[in-house]
Amino acid sequence: MCCPSSLGSRKQRTRNVPELPEVEIIRRKLSPLLVGRTIRKLTTGKPSYFFLTPPKLLEQKITGRSFVSLERHGKYLICKLDDTSQMLWHLGMTGQLLTRERKGALDVHVHLRFEFSDSGPELLFRDVRKFGKVRWLKPGSAEPRLNKLGVDALEITGQHLFEKIRKRSAPVKTVLLDQGVLAGVGNIYADEALFISKIRPLTAARELGKAQVDLLASNIRSILSRSIKLGGSSISDYLHPDGQSGAFQQTFLVYGREGEPCTKCQQLIVRDVLGQRSTHYCPRCQR
DNA sequence: CAAATCCCCTGCAGGC
DNA sequence: TGCCTGCAGGGGATTT
């Protein structure tokens, strides 16, 4: 049938990176598969610059350890190990955590392969763009990056968000992406939440009134929850650990819809660049 | 302290 | 058909 590109306008290619819902789904699916299991062997691919902890050191520190819990703050996954050390994972843009039966060759983008002492599936850390991060933390030490994160976006309240942004002159879209303000919102959910809240992304954060920020905070929480229910957004690289795709991308109202009619008012969706990130909004609904 | 800019990387769309 | 260019994006470093 008719293809969208027949409209003639050059459409931006959009990608989706793991944001809070995607990381939370990984956590929920991976947690029962990891907790209680012991790492028998860690294999690293060619050392990539992206490791915060050198692969050899990581291998030395976690071999023989077992998983106690898998937690999440914003877009970070936090593995607690049985010697009270921790392993942090950040998936960057294209990071994937995949489970599979122990067989077959590894493709060149697999950077870590966790094998366990039992005969169950192994775990792969795969990352094409190499923006992902893996860090081991010795017992009792804290990760400065985690300490700088704002509250998890699922917990954000209007009052708290208002306090955090009331003096910020930057566009509200840019401020929502600041992980020190709230943790877990990325490009897609920022655009979608602003649309639902009828707030133009370019608006200076400090111009927003308390009622608007209350609404925004509430919409951020609800859109993230809805995405989790639908398995997250799978446009390009994101997959669940078992290879399943999410379905939330089918409900996007503005993201990646440049040039298409707004679902509310038929005005064409506009794309701008803010803080070097593409930003989508309806010029009529969002004032 | 906040804001703006640049950069890491690689697959792939678009142009010719 | 095939080569070349430019873009996507999180977040850290650096500069203003």
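Residue numbers begin at 1 in each chain, while the letters A, B, ... track the order of the sequences.
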#### Entry: A:Thr94 side-chain N/O to B:dG11 phosphate OP1/OP2 under 4.0 Å
no
Can you pull every protein N or O that's under 3.5 Å from an N or O on nucleotides 12-16 of chain C?
unit_1: C:dG12; atom_1: OP1; unit_2: A:Tyr76; atom_2: OH; d: 3.2
unit_1: C:dG12; atom_1: OP1; unit_2: A:Arg145; atom_2: NE; d: 3.3

Grouping ILVMFWY residues whenever side-chain heavy atoms fall under 4.5 Å, the cluster of A:Leu146 otherwise contains A:Tyr76, A:Ile78, A:Leu88, A:Leu137, A:Leu149
Residue set satisfying salt bridge (charged side-chain N to carboxylate O under 4.0 Å, His left out) with A:Lys210, at least two apart, ordered chain then number -> A:Asp214
Please list, one pair per line, the donor and acceptor atoms closer than 3.5 Å that link side chains of residues 219-226 of chain A to other protein atoms, with sequence neighbours excluded.
unit_1: A:Asn219; atom_1: ND2; unit_2: A:Ser197; atom_2: OG; d: 2.8
unit_1: A:Asn219; atom_1: ND2; unit_2: A:Leu215; atom_2: O; d: 3.3
unit_1: A:Arg221; atom_1: NH1; unit_2: A:Ile156; atom_2: O; d: 2.6
unit_1: A:Ser222; atom_1: OG; unit_2: A:Ser218; atom_2: O; d: 3.3
unit_1: A:Ser222; atom_1: OG; unit_2: A:Asn219; atom_2: O; d: 3.2
unit_1: A:Ser225; atom_1: OG; unit_2: A:Arg221; atom_2: O; d: 2.9

Of B:dT10, C:dG11, C:dG9, the nucleotide closest to the side chain of A:Lys130 is B:dT10
Looking only at side-chain N and O atoms, does A:Arg129 come under 4.0 Å of OP1 or OP2 in C:dG11?
no
- Please state whether the phosphate of C:dG9, meaning OP1 or OP2, lies under 4.0 angstrom from any side-chain nitrogen or oxygen of A:Tyr255. yes
Show me the donor-acceptor pairs, under 3.5 Å and distance only, between side chains in residues 57-68 of chain A and residues at least two apart or in other chains.
unit_1: A:Thr63; atom_1: OG1; unit_2: A:Glu59; atom_2: O; d: 2.5
unit_1: A:Arg65; atom_1: NE; unit_2: A:Asp82; atom_2: OD1; d: 2.6
unit_1: A:Ser66; atom_1: OG; unit_2: A:Asp82; atom_2: OD2; d: 3.1

Hits for salt bridge (charged side-chain N to carboxylate O under 4.0 Å, His left out) against A:Lys29, two or more places apart or cross-chain, chain-then-number order -> A:Asp242
Next on the checklist: Under a 3.5 Å distance rule, please check whether A:Glu192 uses its side chain to pair with a backbone N or O of A:Tyr255 as donor and acceptor.
Outcome noted: yes
On the nucleotide B:dC9, are OP1 or OP2 found under 4.0 Å from the side-chain N or O atoms that A:His109 carries? no
Quick note, ring pair (Phe, Tyr, Trp, His ring centres under 6.0 Å) partners involving residues 17-39 of chain A, not counting sequence neighbours, are none
By ring pair (Phe, Tyr, Trp, His ring centres under 6.0 Å), A:Tyr238 pairs with (sequence neighbours left out) A:His240
Name the pairs: protein N/O against N/O of nucleotides 2-4 of chain B, kept only if under 3.5 Å.
unit_1: B:dA3; atom_1: OP1; unit_2: A:Ser169; atom_2: N; d: 2.7
unit_1: B:dA3; atom_1: OP1; unit_2: A:Ser169; atom_2: OG; d: 3.0
unit_1: B:dA3; atom_1: OP1; unit_2: A:Ala170; atom_2: N; d: 3.1
unit_1: B:dA3; atom_1: OP2; unit_2: A:Arg168; atom_2: NE; d: 2.3
unit_1: B:dA3; atom_1: OP2; unit_2: A:Arg168; atom_2: NH2; d: 3.0

Sorted by chain and number, sequence neighbours left out, side-chain hydrogen bond (donor to acceptor under 3.5 Å, both in side chains) with A:Glu207 holds for none
Return no unless some side-chain N or O of A:Lys148 is found under 4.0 Å from OP1 or OP2 of C:dG11. no
Picking from B:dG11, C:dG11, B:dC8, the nucleotide nearest the side-chain atoms of A:Phe131 would be B:dC8
With five pairs defining each end axis, the helix from B:dA2-C:dT16 to B:dC16-C:dG2 comes out bent, to 10°, by 40°
Those residues at least two apart in sequence (or on a different chain) that pass ring pair (Phe, Tyr, Trp, His ring centres under 6.0 Å) with A:Phe195 are none
- Name the orientation class of the two ring planes belonging to A:Phe114 and A:Phe116 (parallel below 30°, tilted from 30 to 60°, perpendicular beyond 60°). parallel
